[in-house]
Structures are given as C-alpha cells and as structure tokens.
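Remember, predicted model here, so these are calculated numbers, not experimental data. Residues take their numbers from the sequence shown, with the count starting at 1.
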Amino acid sequence: MNDINATDNPDSKAMILLLGLRRGGKSSICKVLFHNMQPLDTLYLESTSNPTVEHFSTLIDLAVMELPGQLNYFEPTYDSERLFRSVGGLVYVIDSQDEYMNAITNLAMIIEYAYKVNPLINIEVLIHKVDGLSEDFKVDAQRDIMQRTGEELLELGLDGVQVSFYLTSIFDHSIYEAFSRIVQKLIPELSFLENMLDNLIQHSQIEKAFLFDINSKIYVSTDSNPVDIQMYEICAEFVDVTIDLFDLYKDTQRNRKDSDGKAVQIRPRELKNVSHLGNGVIIYLRQMIRGLALVAVIRPNGADTESCLTVADYNVDIFKKGLEDIWANARVTSRQESPIGSS
C-alpha cells in the first residue's frame, strides 16, 4: 500500500499512524518489530520515500502505517481529514539525540489537526534512541520534551489533550514495551482479557502471565499486577527460543499414510515449551489463537512441580476456550458494524 489515502478498512480503528521527521528512526522501529531485523542491520536502511503499512493479527487486525518524514500531510492531494479520522492511534517519533525543537513544533501542528477531526485518537510520543544517553540525560530529555510539548499545545488552546510519552530504543526491549501499551489501547476486549488472566493466575501458581503476539513479541494483554521489565524480557526471549527450537524439528507425522495409502489427517503440532530455571522458577509457553501465545512465570513454592504443571495445563485449556469465545463474538460484532459494501 503506497497510497496515503488507502485507509478504507471496516476495522479502521485498529490503524496506527507512525509519524516523525526524517531519520528519526521510524523505519528501524518497523523492521525490528515486524520483520525481526537485528538492530545493527537497520543502520543500512534507506530513508522511507512512500507510505508503508505493516499488518499483524491478534484479537484485532492491526495495521501500522509509516508516513515519510518529508511528506506534507496537508497538501491538497492528500485526504488528510479522512486519514486522521480513520485511525485509532498516532505515534510520533522524536530523536532524543538530535535537536528536537522542530520535531516538537511539527508534533503540535499534527496534534492540533488530528484532534480536531478525531477527538478520540490516542496520541503517543516515542522519545527515541535513548540508548546513547546516560540515565540522567534520559530523564532530562523526557522532562524537557514533555514540558515543551505542553507549552506548544497550550499556545494552540489544546491543554486538555492527553499525550503519552515513552523512552525507547531498538537496542533493548523498551520499544516492545511501548508498542505493547500502545496496541492495548486499541483492543476493545482488553478488560476481559485482563480479568481472564487474573483469574488464571489466581487458580494456578502463576506469578505473571503475558499474552504475546508471537511474531512481534508485543504483548496484547497481561494480568493486573505491575509489569517488571526484566520479567517481560525473559518471557519475550523465551518466545524466540521456543520458535527457534520448534523450527529445528521436522513434523514427521504430517505426511503419514494409513495401510491403504490414504493420507491420515494429523492435527498440526501445538507450540508449547516448559523450562525449569536454576532458581526453581518455571517458564511456561502455550500456543493460543491467531498467532498468540500465553507465556507464564510459575513459582511452585515447594509444591510438586508436576502437579503445578497439570493444574496450569487444565486452567490454560479453559483460558484458551475463553479466548476462542471472545474471538468468535468479536467477529460477529465486526460483521454487524461493518458498512454495507465494505470490503
């Protein structure tokens, strides 16, 4: 999709616009998140010249549209009003290692227009490339950018607009954490998912549970307990390890035939992995629906490990059935709300 006007989508509220000045890091973010590119390899990316869209499906069909930094969104050739009205989130990338006053002025101008045509849009700001800053400079940069953005919006009479700020880098998990929180705001069933995960950990010896999109390692939901970034990193890396191991082994049952030479229908292998760490903690992964996987941290606390896993398997089966019900109801609702003739 190379047309900025190409946003006719019955589920358009699940569209995120990724904006920012040239060389701010937008393309690198997309390549790392959605194409598993190594961060160092993004140094050789050319500047984006046309709008590009990344799609991935969890409980919603989500699209992230990256717009080139040199693009003037308000030229007559672009239907900017329809573009900004049709999206659920606006993510603006600011290079923290560059002079960012021009970026803040540009951000304020975009917010003014976007908020006018779509007051429900989520405004998110990534204070990016903070890997090159000390902890003190990170805090100072965040405070300065937040203050200057607030001043710009105040001058435009937009002091009531809610803007979320995140410190991010593609060289650690901060970009995944930020996009996880951004995506969650677009999932209508989020409160149901959180309640289901709370119920799951309450009836299992699970300390923390994440519902991951396997390909991007964005978590679309977690339980109501606070997220510890180190625990998230361990779970995200466990997803990578599990997929790598899964791909190593060939499915020998797939082409099996019976005695008459007829192909036998074999259920595809389920992605599952359980790892026992040296400190007694268990990392548990089970494939769910639509590219999702549940990753849980289990602490047996002296209980029998096998019985803990048996209980976890039983409760996760119930959780998976609940996910299937949510997905089925979401599809029915989506069809009912879709305009006639939409495709």
Say whether, by atom type as modelled, one donor and one acceptor occur between the side chain of [X] and the main chain of [Y] under 3.5 angstrom.
X      : Y      : answer
Asp198 : Ser224 : yes
Ser86  : Leu83  : yes
Ser204 : Ile206 : no

Would you say the side-chain atoms of [X] and [Y] include a donor-acceptor pair closer than 3.5 Å?
X      : Y      : value
Thr310 : Asp313 : no
Ser134 : Asp136 : no
Asn273 : Tyr284 : no

Under a single-linkage definition using a 4.5 Å side-chain heavy-atom cutoff for Ile, Leu, Val, Met, Phe, Trp and Tyr, are [X] and [Y] assigned to the same hydrophobic cluster?
X      : Y      : answer
Val139 : Ile145 : no
Leu271 : Ile234 : yes
Leu154 : Ile104 : no
Val227 : Ile229 : yes

Measuring from Cys235:SG to Lys208:NZ, what's the distance to the nearest 0.5 Å?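 Output value for this atom pair is 9.5 Å.
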
To the nearest 0.5 angstrom, please state how far the CE atom of Met196 sits from the CD1 atom of Ile318.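 Taking CE in Met196 and CD1 in Ile318, the distance rounds to 10.5 Å.
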
Can you pull out every ring-ring contact (aromatic ring centres under 6.0 Å, His included) where at least one residue sits in residues 203-229? Sequence neighbours excluded, please.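 Every pair satisfying ring-ring contact (aromatic ring centres under 6.0 Å, His included) with a residue in residues 203-229: Phe210-Phe212, Phe210-Tyr219, Phe210-Tyr232, Phe212-Tyr232, Tyr219-Tyr232.
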
Could you note down all residue pairs passing ring-ring contact (aromatic ring centres under 6.0 Å, His included) where residues 19-44 supplies at least one of them, sequence neighbours left out?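 Every ring-ring contact (aromatic ring centres under 6.0 Å, His included) pair that includes a residue of residues 19-44, provided the two are not neighbours, is Phe34-Phe56.
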
Partners meeting side-chain hydrogen bond (donor to acceptor under 3.5 Å, both in side chains) with Tyr166 (sequence neighbours left out):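 Partners of Tyr166 under the side-chain hydrogen bond (donor to acceptor under 3.5 Å, both in side chains) test: Glu124.
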
Can you list the steps and then say if Lys321 with Glu324 is a salt bridge (Lys or Arg N to Asp or Glu O under 4.0 Å)? CA-CA 5 Å; Lys321 179 63 169 61; Glu324 291 170 349; 5.3 Å; no

